[in-house]
Amino acid sequence: MRLFPLPLLSHVRGLVLRTPSPRMYAVPSLAFTNSTVSHSDQSKEGNFDDVKSLELNEVGVLRVLTTMRDDPYLALSFLKRIEGNGGLPSVSAYAAVIRIVCSWSLDEKLSCLFVGMIRKGEEKCGFSVVDLLNVIGDAEEDEKLCFLLLSRVSSALVKAYVEIEMFDEAIELFRGIEELGWDADAYTYVVVVNALFRKGDSEGVEKFLRKLVSLETRKHCVFYMDLIEGLCGNEMSRVGYILLKPLREANILVDESDLAVAYGRVIRGLCNEMKLEEAERALLEMEECGIDPDVCVYSAIIEGHRKNMCFSKALRFFNNRKDLQGKRIINPVIASSILQCCCQMGEFSEALDRFVDFRNMNIPLDRFCYNVAFDALIKLGKVDKAIELFREMTCEGISPDVVNYTTLIGGCCLHGRCVEALDLIIEMDKEGKPPDIVTFNVLAGGFARNAADASDILKLMEDRGVKPSSVTHNMVIQGLIVAGKIKEAEALYQEHNKSGGNVAGIVKGYCEAGRLDKAFERFIKEEFPLPKSVYFTLFTSLCAAKDKNHIDKAQKVVERMWELGVEPGKSMYGKLIGAWCRVSDVGKAEKFLKAMKRREITPDLFTYTILIKTCCRLNKLEQADDFFRDMKKRGIKPDVVTYTVLAKNNPKIDKDMKACDVKPDVFYYTTMINTYYRLNNENKACALVQEMKKGGIVPDVVTYTALIDNYYRLNNKKRASDIFQEMKRRRILPDVVTYTVLLNHNPELDKKKEMKALGIKRDVHYYTVLIHHKCKIGEVEEAKRIFQEMKESGVKPDFVSCTALIAGCLRNGYVFDADKFLQEMRENGIEPPTETASKSVVLHTKSKPKRFVSRQRSKKPILRSSGEVQSSLLIS
DNA sequence: CTAGGGTTAG
């Protein structure tokens with residue numbers, strides 16, 4: 001942790017204003033005679049080489065140092081040089097240098113000096129730190145000056161101790177300073193808090209802070225502002241946050257704007273440290289005190305969530321803030337964060353809608369916002385619109401920069417519009433914003449993947465003096481493979497792979513082209529370590545695949561990295577185990593886990609949680625328990641997520657969780673409550689609802705939906721609809737699942753309009769309930785129509801929905817339709833059902849593919865074969 | 001280098 005520099009503090013204290021010239025090693029030989037040195041002599045000649053031979057006596061050294069009063073760097077190097085030559089500067093020499101350095105406010109240098117001294121040790125120095133302080137003190141006659149000097153020196157010493165992690169010494173020394181009534185500045189306090197913090201002494205921190213705001217030791221407002229700045233600038237925003245409340249209550253920050261600044265700083269600090277929950281809490285607190293947060297606070301929180309990959313949290317925050325909806329205070333920074341969130345979630349149309357909204361609200365938008373917007377258009381395949389928007393931006397007076405152009409050029413290339421891409425390059429030249437290497441790389445790669453001649457672009461680059469790099473070649477090679485031009489890719493590879501960096505393009509190209517086996521084949525042949533991104537791309541593609549064969553290969557990638565001594569990223573282990581879990585092969589996962597342990601790699605919380613979840617899903621409860629014990633044994637503390645997974649099968653785990661001081665949240669309670677209802681223990685479930693509310697945890701849509709579902713299951717329609725009303729009263733909007741539950745228990749009530757009004761799209765679950773119901777009451781035509789409607793609205797049928805329809809057709813004698821849909825299902829390679837919801841189906845469909853094949857081959861009348869299918873499908 | 005949790009359908 002770096003404590004320096006603290007620019008604001010230095011500034012406030014009026015430091016660093018006088019900066020001596022950084023002249024370091026030009027040193028006069030005259031210094032070694034006992035005569036006085038004049039400044040004009042200093043640069044004349046020589047160095048300190050004669051120090052050893054000269055046997056400078058103490059008086060001599062001191063006298064020389066006196067002449068260096070105006071040049072602290074010179075004094076420092078003089079001292080260093082004496083030491084370097086095996087000399088032993090006296091305590092007085094040190095004292096003299098320190099006084100010089102101090103008078104120039106070079107606090108950092110001072111600390112360095114102390115660090116060196118402490119490292120060297122008392123023995124080797126010939127004096128102790130206390131000796132030194134005494135000498136320094138004695139040499140200053142003016143009491144007031146002495147006071148100041150010692151304060152500053154001890155502060156630097158405290159800092160030095162912290163820097164070499166001698167926390168106790170630092171704290172002790174600081175207490176000494178306090179007792180003597182010396183004046184330590186805010187910066188020193190920051191250092192001491194840092195020491196306590198790093199020692200893990202949270203009680204000490206609190207005590208320290210309490211004292212700091214107590215009446216006897218109260219300081220000036222500026223001090224506290226500096227303190228907060230220092231804490232937040234050094235990753236101790238939490239401490240800064242703790243400080244706010246007492247400061248406010250003791251009315252120390254009288255000026256409201258100071259309080260606003262302090263809160264703002266703490267919130268921004270918390271966001272930087274990714275402590276978003278606390279940041280939001282601080283924001284609430286701030287508002288409760290009647291302080292208006294400024295726009296930077298909002299953008300910090302939104303951007304913090306985004307960087308944390310919590311996109312929906314960012315959006316939720318934005319949507320729920322009234323003042324942000326009041327449009328008044330949205331600035332381009334917030335706007336671009338929000339747009340980017342949408343894009344990173346893959347919601348490109350949403351991003352565009354919001355962009356348009358922003359624009360209609362007359363919010364000033366900058367080229368960052370525009371860039372996200374036309375990138376979104378490109379991702380949606382609307383290149384023309386993207387170009388249009390690009391032009392509009394220019395009309396709005398924002399002239400595009402190289403990045404804007406590059407985005408657009410990449411977009412053109414991605415959609416096969418190389419000519420336009422090239423036109424844009426020409427335009428860039430005309431506008432005096434010549435393309436850089438990134439632009440050219442994008443263009444060359446884009447040409448290649450569109451089967452255009454990328455070598456033209458390479459030539460163009462050369463002519464321009466932009467030298468193609470290995471990145472360029474990789475992008476072209478990758479593009480060629482994507483375009484299916486394997487031979488050309490290989491040729492280019494042969495030509496440029498001298499440094500060995502271009503397999504990347506080959507492997508990535510095959511990955512992108514979906515030819516994972518080919519990619520793996522090339523990869524495994526390489527004898528030498530590859531760039532990390534290659535391992536990662538290949539590994540990720542293999543992991544994402546559905547069959548075990550590919551996951552096996554993903555594992556080989558990791559093993560290869562081990563062999564070659566390339567450190568796989570931490571996340572790769574967890575991802576691989578996650579992949580094995582996804583295909584329900586806990587055996588393989590466990591085997592790999594053992595290999596990890598042999599390498600002394602401890603699986604992390606995520607990994608254990610995935611394993612436990614999978615075991616629970618597969619009903620291997622003892623094994624889940626084994627993992628649970630194992631993680632505890634290894635000192636990995638299960639968190640609320642782990643407990644949620646366990647609670648699904650074993651609600652009694654609640655005791656253990658509370659014993660471990662893990663706080664339940666709304667997810668956890670929802671699971672628990674649901675589990676107890678399923679176990680027919682309504683009392684316990686109700687008790688939990690109360691406990692949750694008492695604990696200040698607010699039930700959300702999911703909780704309410706679960707409650708509604710469970711009361712319908714208990715045949716208590718009244719209670720179910722009461723809960724639905726309560727939910728509405730609390731302004732918690734139902735979602736598609738809520739409506740699915742309602743529909744499932746009241747199949748006649750398709751609340752199509754109501755949903756539309758709320759902007760809720762019907763999903764595959766919802767349609768399935770509809771289809772199933774229509775089939776059940778014999779309205780197969782209607783079911784077919786709904787199935788069609790579903791497809792037309794862009795909702796992909798899945799295994800369950802198809803099965804429902806086919807079964808319904810068969811049951812009602814629509815044999816031809818059943819066959820038609822069956823075939824359609826096969827053609828679409830319908831994904832197998834996922835997760836627990838369809839566990840029973842998985843079990844029953846294991847033998848299904850065979851039957852499908854035999855049916856196809858036999859070409860016998862549909863009736864018979866459908867009968868076969870029927871037997872496997874109609875198990876309820 | 002975006003890995004883990006809650007509610008719904010046959």
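Numbers restart at 1 for each chain; the letters A, B, ... are given by sequence-line order, proteins then strands.
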**OP:** Taking the side chain as every heavy atom from C-beta outward, state whether Tyr814(A) and Leu810(A) have any pair of such atoms under 4.5 Å apart.
**Re:** no
Reckon [X] has a side-chain N or O less than 4.0 Å from the OP1 or OP2 of [N]?
X	N	result
Thr738(A)	dT7(B)	no
Lys613(A)	dG5(B)	yes
Lys648(A)	dT7(B)	yes
Arg762(A)	dT8(B)	no
Lys575(A)	dT2(B)	yes

Original post:
Any idea which heavy atoms bring Pro699(A) and Ile732(A) closest together, and the distance?
Top reply: O-CD1, 3.3 Å
Check the distance between [N]'s [atom2] and [X]'s [atom1] and give it to me in whole angstrom.
X	N	atom1	atom2	result
Met692(A)	dT7(B)	CE	C1'	12 Å
Phe606(A)	dC1(B)	CZ	C1'	14 Å
Gln344(A)	dC1(B)	CD	P	14 Å
Phe724(A)	dT8(B)	CZ	C1'	14 Å
Lys570(A)	dG4(B)	NZ	P	16 Å
Tyr643(A)	dG5(B)	OH	C1'	14 Å
Tyr535(A)	dC1(B)	OH	P	18 Å
Asn744(A)	dT7(B)	CG	C1'	12 Å

For [X], I'd like to know if atom [atom1] has over 12 heavy atoms of other residues, nucleotides or ligands within 6.0 Å.
X	atom1	value
Lys597(A)	NZ	yes
Lys776(A)	NZ	no
Lys717(A)	NZ	no

[N] base / [X] side chain donor-acceptor hit below 3.5 Å:
X	N	result
Asp639(A)	dG5(B)	no
Thr703(A)	dG6(B)	yes
Asp763(A)	dA9(B)	no
Asp665(A)	dG6(B)	no

Ring centres under 6.0 angstrom apart ([X], [Y]):
X	Y	result
Phe520(A)	Tyr510(A)	no
Tyr643(A)	Phe667(A)	no
Trp562(A)	Phe592(A)	yes
Tyr677(A)	Tyr711(A)	yes

**OP:** Scan Asn715(A), Asp722(A), Asn716(A) and name whichever one has a side-chain hydrogen bond (donor to acceptor under 3.5 Å, both in side chains) with Lys718(A).
**Re:**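 Filter result, single survivor: Asp722(A).
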Give the nucleotide from the list [options] with an atom nearest to the side chain of [X].
X	options	answer
Val800(A)	dC1(B), dG4(B), dA9(B)	dA9(B)
Asp798(A)	dG4(B), dA9(B), dT2(B)	dA9(B)
Val645(A)	dA9(B), dG5(B), dG4(B)	dG5(B)
Ala706(A)	dT7(B), dG5(B), dT8(B)	dT7(B)
Thr609(A)	dG6(B), dT8(B), dG4(B)	dG4(B)

Using a heavy-atom cut-off of under 4.0 Å over every strand shown, decide if [X] touches base, sugar-phosphate, or nothing.
X	value
Arg582(A)	nothing
Val736(A)	nothing
Leu707(A)	nothing
Ser533(A)	base
Asp700(A)	base

Original post:
Going by 5.5 Å between centroids and 30° between planes, is there a stack of Tyr766(A) over dT8(B)?
Top reply: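 So no, this residue does not stack on that base, at least one cut-off failing.
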Subject >> With sequence neighbours excluded, residues passing salt bridge (charged side-chain N to carboxylate O under 4.0 Å, His left out) with Glu590(A) >> reply: none
Subject >> Residues within residues 767-774 of chain A bordering DNA chain B, heavy-atom distance below 4.0 Å >> reply: Thr768(A), Val769(A), His772(A)
Original post:
Near DNA chain B, under 4.0 Å by heavy atom, which residues of residues 666-679 of chain A?
Top reply: Val666(A), Phe667(A), Tyr668(A), Thr670(A), Thr671(A), Asn674(A), Arg678(A)
**OP:** Indicate whether the side chain of Asp750(A) and that of Tyr766(A) have a donor and an acceptor atom separated by less than 3.5 Å.
**Re:** yes
